[in-house]
Participant: 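Supplied in structure tokens, the structure appears directly below.
Read the numbers this way: they start at 1 and go in the same order the structure lists the ligands and their atoms.
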Amino acid sequence: LTGNDSTATGKGVLGDTKTFNTLVNNNGSYLVDRTRGSGIFTYDAKNRTRTPGTLWLDSDNVYNAAYDGAAVDAHAYAGQTYDYFQDVHSRNSYDGNGAELISTVHYGRSYNNAFWSGSQMVYGDGDGTTFVPLSGALDVIAHELTHAVTDTSADLIYQNESGAINESMSDIFGTLVEHHFNNKPDWQVGEDIYTPNVAGDALRSMEDPTLSGDPDHYSKRYTGTGDYGGVHINSGISNKAAFLLANGGTHYGVTVAGIGNDKTGDIYYRTLTQYLTPNSNYSHFRVSTIQAATDLFGASSAEVASVKAAFSAVGVN
Ligand SMILES: Cc1cc(C(=O)NCC(F)(F)F)no1
Ligand SMILES: [Zn+2]
């Protein structure tokens, strides 16, 4: 594929206008961004389930059609998430080696989910009631791309406690990316693409996991076999701890002094990439996070004290 690097404009899923990088040649404008790593490539599944599908080609480098919105956001938000890991954590793409970022949109029919396939991001259109096209939320895209970071670092097994930590890392960095770009930042997950007819709800809440029925304390963990042993359920325990570490608060009588988003991100990034292993459980997660904070701020630092308090507040001692 040859051509010239260009900048296009278009409307995202929620009708917001944005610019992004494309490659233009005699065929037209491709959703190819050659300015980041080995490139960002966005594809169209055309509502079938073959991936990656067809590399997205537009006729005039203007992406304002309703059908274009999911692709516009998948492409632009992948670029923003790339920038977060490069600029904030000096990680070049999800593997640290500039790996291509491949996304497919319009996957399936009324498909209410998004996922990292092991080699690419995939986004459904939603059924219009539970979800609108899922690439329309920056926290969702960063959630999926963080699975790729996890898989190329700690490689946490996607079941039981290691799977819950895997899921929580994706929610944590999804939220931190949303804050980094000040994109209607909050400590909820997927709120921008979830239940368009219901205001104020979200797929999950990190601030209060019980709002979606998930535990906010280790004593309330799910021990069944559903959801791969509760990976999207027991993530609430870690999500609440992360919320407390960044923002502070008192939870089940334990008070945590907040340390802010940037230090929280540095501690979790170092924990994920230097200490966690495929079989890490919540107990090892506590020890690892304390060690990462110790490396960064010192054993007697306020940051280490807050990490200890945050894990204690959710019953991981
Ligand atoms: C239950 C359940 C939750 C999820 C989930 O988190 N999907 C990723 C997201 F990005 F769409 F949120 N999937 O099944
Ligand atoms: Zn996930």
Participant: Do NZ/NE/NH1/NH2 and the carboxylate oxygens of Arg36 and Asp33 come within less than 4.0 Å?
Facilitator: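 Between Asp33 and Arg36 there is a salt bridge, with a charged N closer than 4.0 Å to a carboxylate O.
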Participant: If you link I, L, V, M, F, W and Y whenever their side-chain heavy atoms are under 4.5 Å apart, who else ends up in the same group as Tyr228?
Facilitator: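 Members other than Tyr228 - counting any ILVMFWY side chain reachable under 4.5 Å - are Tyr158, Val231.
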Participant: Measure distances from the Zn ion (ligand 2) and count the protein N, O or S atoms below 2.8 Å.
Facilitator: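 Atoms of protein N, O or S type lying less than 2.8 Å from the Zn ion (ligand 2) total 3.
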Participant: What do we get for Asp227 next to ligand 1 when only non-hydrogen atoms under 4.0 Å count, side chain, backbone, both or neither?
Facilitator: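 Answer for Asp227: neither.
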Participant: Charged N to carboxylate O under 4.0 angstrom, Asp73 versus Lys18?
Facilitator: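 Salt bridge: yes.
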Participant: Distance to 0.1 Å, residue and atom name: give those for the protein heavy atom nearest to atom 10 (F) of ligand 1.
Facilitator: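 Answer, as residue, atom name and distance: Glu144 OE2, 2.9 Å.
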Participant: Which of the atoms of ligand 1 are close to Ala114, meaning less than 4.0 Å from one of its heavy atoms?
Facilitator: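 Those qualifying, in numeric order: 8 (C), 11 (F).
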Participant: Apply the side chain to side chain contact (heavy atoms under 4.5 Å, CB included) test between Phe285 and each candidate in Thr271, Val316, Ile290; give the one that qualifies.
Facilitator: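 It is Thr271; the other options fail the test.
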Participant: List ligand 1 atoms under 4.0 Å from Leu134, heavy atoms only on the residue side.
Facilitator: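 This gives 11 (F) as the contact atoms.
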Participant: Please tabulate, for side-chain N and O atoms in residues 245-261, each donor-acceptor pair with protein atoms closer than 3.5 Å (sequence neighbours left out).
Facilitator:
residue, atom, partner, partner atom, Å
Asn247, ND2, Phe243, O, 2.9
Thr250, OG1, Thr255, OG1, 2.7
His251, NE2, Asp216, O, 2.8
Tyr252, OH, Asp216, OD1, 2.7
Tyr252, OH, Lys220, NZ, 3.0
Asn261, ND2, His179, ND1, 3.2

Participant: Is there a nitrogen or oxygen of His143 sitting under 3.5 Å from a nitrogen or oxygen of ligand 1?
Facilitator: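 His143 vs ligand 1: no N/O contact under 3.5 Å.
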Participant: For ligand 1, does Val189 get within less than 4.0 Å through its side chain, its backbone, both, or neither, judged by non-hydrogen atoms?
Facilitator: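 For Val189, no heavy atom sits under 4.0 Å from ligand 1.
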Participant: If you have a sec, work out which protein heavy atom is nearest atom 14 (O) of ligand 1 and how many Å separate them, to one decimal?
Facilitator: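 Result: Asn113 ND2, 3.6 Å.
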Participant: If we only count N/O pairs under 3.5 Å, is Arg204 in contact with ligand 1?
Facilitator: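 In this structure, Arg204 places an N or O atom under 3.5 Å from an N or O of ligand 1.
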Participant: Please determine whether a side-chain nitrogen of the Lys or Arg among Lys11 and Asp16 lies less than 4.0 Å from a carboxylate oxygen of the Asp or Glu.
Facilitator: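 Salt bridge: no.
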Participant: Which of these passes side chain to side chain contact (heavy atoms under 4.5 Å, CB included) with Ser6: Asn21, Asn25, Val32, Thr22?
Facilitator: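 Passing option: Thr22.
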Participant: Using the side chain to side chain contact (heavy atoms under 4.5 Å, CB included) criterion, which residues pair with Thr19? Sequence neighbours excluded.
Facilitator: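 Partners of Thr19 under the side chain to side chain contact (heavy atoms under 4.5 Å, CB included) test: Thr7, Thr9.
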Participant: Can you see whether Arg91 engages Tyr269 through a side-chain donor-acceptor pair at a distance of less than 3.5 angstrom?
Facilitator: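 Yes - a donor-acceptor pair under 3.5 Å links their side chains.
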Participant: Name the closest protein heavy atom to atom 12 (F) of ligand 1, giving the residue it belongs to and the distance to 0.1 Å.
Facilitator: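 In this structure, atom 12 (F) of ligand 1 has Leu203 CD2, 2.9 Å as its nearest protein heavy atom.
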Participant: Would you check if the distance from the ring center of Tyr111 to the ring center of Tyr123 is below 6.0 Å?
Facilitator: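 Aromatic pair excluded; centres sit 6.0 Å or further apart.
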